[in-house]
Structure formats: C-alpha cells, structure tokens
Protein chains: 2
Amino acid sequence: MLHDPAQLDLMFQALADPARRQMVERLSRGPASVSQLAEPLAMSLSAVVQHLNVLEASGLVRSEKLGRVRTCRIEPKALQAAEHWINERRLAWERRLDRLGDFLADTEDES
Amino acid sequence: MLHDPAQLDLMFQALADPARRQMVERLSRGPASVSQLAEPLAMSLSAVVQHLNVLEASGLVRSEKLGRVRTCRIEPKALQAAEHWINERRLAWERRLDRLGDFLADTEDES
DNA sequence: GCAATACTGAAGTGATCACTTAACTATTTT
DNA sequence: AAAATAGTTAAGTGATCACTTCAGTATTGC
C-alpha cells in the first residue's frame with residue numbers, strides 16, 4: 001500500500017504545487033478547516049477545495065466533516081512514503097560512492 | 001541555497017513525473033549517458049533530453065559532456081533538501097501528537 | 001572523407017492544470 | 001423563518017506539460 005508507484009505518483013504530483021505544499025505546511029502545525037487553509041492563500045475557496053481534493057486523492061491529507069465544517073489533518077504515513085522513496089535513491093548513490101572509495105583505496109594499497 | 005522555496009518548487013515538480021523519477025532511479029545506481037537513460041523509456045530521445053533539462057534546472061541532476069557523450073549523475077544534496085522538507089513537516093506533526101498525548105496523560109493523572 | 005553515433009533545438013499538438021465565476025446545499029445563528 | 005456561514009459542484013478559460021517530428025550540430029570509427 002505504501003510503495004504502490006501510482007500512489008507515489010499522486011503524492012509527488014500533489015507536493016509539486018506551492019499552494020498545496022503551503023496547505024501541508026499549515027496542517028503540519030495542527031488540523032484545520034477548509035476556510036482556515038484558504039485564509040493565507042490568494043485564491044478562491046473553490047480553488048482551495050480543488051487543491052484539497054488533490055491532496056486527499058494522494059493520501060497525504062485526510063478530512064472529516066462535522067456539521068458544516070470539514071476538518072483536515074495530514075497523514076504522516078503517506079508523507080513518510082514519499083520521504084522514503086527519496087531517501088532510498090540518495091542512499092543507493094551514497095553507498096555506491098563509498099564502495100568506489102574503498103576500491104580506489106584498495107588499488108592504491110597494491111601500488 | 002538549500003531551502004529556497006523556488007528551488008524546492010522546481011525539485012518537487014521535477015519529481016512529479018514518473019519518467020523523471022525513473023531517470024533518477026537509474027542514476028541512483030550510477031552515472032549514465034543520455035542514451036542509457038532513454039533506453040528503458042518508451043519515448044523519443046528528444047523527450048528524454050527535455051526531461052533531463054527539467055531535472056538539471058531543479059538541481060537534482062548534474063551532467064557534463066565529454067566528446068559526444070553527456071554523462072549524468074544525481075546531486076545527493078538536492079535530493080536531501082526535498083527529503084528534509086517532507087521530514088520537517090512530518091516531525092512537526094508527530095511532535096504535536098506527542099505533546100497532545102502528554103497533555104491527555106497529565107489531565108488524566110489529575111482526575 | 002563519409003557514415004554512423006550521440007545528442008540538441010525548434011515548432012507543433014493534444015491533454016492536463018490551476019484557476020475563475022456562478023449556482024447550489026447543508027448547517028448554524030439570530 | 002430569514003440570514004449568515006461553510007463548503008460543494010459544474011462549466012469554462014488560458015497557461016503549462018509531455019510529448020512528437022524533423023532538421024540540425026558536433027564527435028568518432030572506418
């Protein structure tokens with residue numbers, strides 16, 4: 001469920017927009033209603049709802065409606081999945097550099 | 001240089017495309033030429049070059065040309081910057097949950 | 001020198017994106 | 001019950017995206 005490439009696709013796509021990242025940033029400081037998410041953004045409430053839908057479809061954000069207020073919160077597991085993908089690639093590269101360093105050191109010993 | 005929001009924007013936008021992520025994945029296993037990057041992808045070489053330009057503009061990939069071959073490698077520092085942004089948001093949320101847990105435990109002690 | 005290789009750049013195209021406005025529903029407040 | 005609040009939905013628009021093809025430019029092998 002975490003490393004489904006389609007889900008990963010939706011997550012990175014969701015994070016690609018600055019308005020959506022700002023929404024995630026706001027939600028990292030605690031749950032918020034749709035209007036609260038909209039407040040710092042220079043766009044219509046409607047646009048914010050559309051961004052929210054993208055975030056929810058990606059799994060990065062979850063929300064529930066009580067009365068007329070929808071309360072949103074981030075899903076740390078999903079954030080971690082994106083984080084993990086990047087981390088794996090970076091570590092693969094760094095491990096490679098280490099092995100290369102060892103190899104160079106070894107061949108130098110033999111000279 | 002690392003937390004420039006414009007640069008972050010370019011990075012997440014670059015990672016949003018599956019073909020580009022596949023290129024990053026390939027490069028995490030070692031440097032590659034443009035043709036080598038193109039080989040597993042079902043698109044023209046020209047399209048791959050365009051994707052490469054996006055990756056380079058974002059700082060995620062660096063390349064240099066020797067003779068007629070351009071050799072590409074990933075820039076782990078840039079990957080780390082994206083990783084860091086996500087990690088910060090996730091940790092902020094988790095710290096918040098911890099404090100909330102402490103608060104609930106404390107108020108329960110008082111009952 | 002000539003052909004093959006490895007890209008590079010420009011122009012075009014159809015699809016998707018990030019909005020907008022406007023009309024609507026459901027819930028509270030007064 | 002009327003008005004204000006909070007969100008939802010649909011349709012439209014202009015901009016950006018992910019390609020394509022085609023016509024180049026250097027390099028390298030024969």
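Because only heavy atoms are used, hydrogens play no part in the values below, and waters and symmetry mates are left out as well, while side chains stay in. Chain naming here is simple, since letters A, B, ... match the order of the sequence lines and numbering starts at 1 in each.
Considering only heavy atoms from C-beta on, B:Leu60 stays 4.5 Å or farther from B:Leu10 through its side chain. Counting heavy atoms from C-beta on, the side chains of B:Trp85 and A:Arg21 come closer than 4.5 Å. The closest side-chain heavy-atom distance from B:Leu37 to B:Cys72 is below 4.5 Å. The shortest distance between side-chain heavy atoms of B:Met23 and B:Val61 does not fall below 4.5 Å. Looking at B:Leu27 and B:Arg73, their side chains never come closer than 4.5 Å, going by heavy atoms from C-beta outward. Inter-residue side-chain proximity for B:Arg96 and A:Pro31 is flagged as met; some heavy-atom pair is nearer than 4.5 Å.
Remark: nothing in residues 53-60 of chain B comes within less than 4.0 Å of DNA chain C through any heavy atom. In the region residues 16-26 of chain A, proximity to DNA chain C at under 4.0 angstrom, judged on heavy atoms, holds for A:Asp17, A:Arg20. Sorted by residue number, the members of residues 30-47 of chain B with any non-hydrogen atom under 4.0 Å from DNA chain C read B:Ser33, B:Val34, B:Ser35, B:Leu45, B:Ser46.
The span of DNA chain C lying next to chain B, judged by atoms under 4.0 Å from heavy atoms, is bounded 5' to 3' by C:dA4 to C:dA10.
Qualifying salt bridge (charged side-chain N to carboxylate O under 4.0 Å, His left out) partners for A:Glu25, counting only residues two or more places apart in sequence or in other chains: B:Arg89. Judged as a ring-ring contact (aromatic ring centres under 6.0 Å, His included), and not counting sequence neighbours, B:Trp93 has no contacts. B:Glu39 pairs by the side-chain hydrogen bond (donor to acceptor under 3.5 Å, both in side chains) definition with nothing, not counting sequence neighbours. Under the rule for a salt bridge (charged side-chain N to carboxylate O under 4.0 Å, His left out), the partners of B:Glu94 that lie at least two apart in sequence or sit in another chain are B:Arg90. In this view, A:Ser58 satisfies the side-chain hydrogen bond (donor to acceptor under 3.5 Å, both in side chains) rule with no residue, not counting sequence neighbours. Not counting sequence neighbours, the partners of A:Arg62 by the salt bridge (charged side-chain N to carboxylate O under 4.0 Å, His left out) test are A:Glu75.
Checking side-chain atoms of A:Gln36 against main-chain N and O of A:Ser33 turns up a donor-acceptor pair under 3.5 Å.
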Sugar-phosphate atoms are those with a prime plus P, OP1 and OP2; base atoms are the rest. Using that split, label each nucleotide of nucleotides 23-28 of chain D B, S or - for protein heavy atoms under 4.0 Å, 5' to 3'.
----BS
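Applying the ring pair (Phe, Tyr, Trp, His ring centres under 6.0 Å) definition to pairs two or more places apart or across chains, none involves residues 29-61 of chain A.
Of the N and O atoms on the side chains of A:Ser63 and A:Glu56, at least one donor lies less than 3.5 Å from an acceptor on the other residue.
Spacing between atom CD of B:Gln50 and atom P of D:dT20 amounts to 9 Å, rounded to whole angstrom units.
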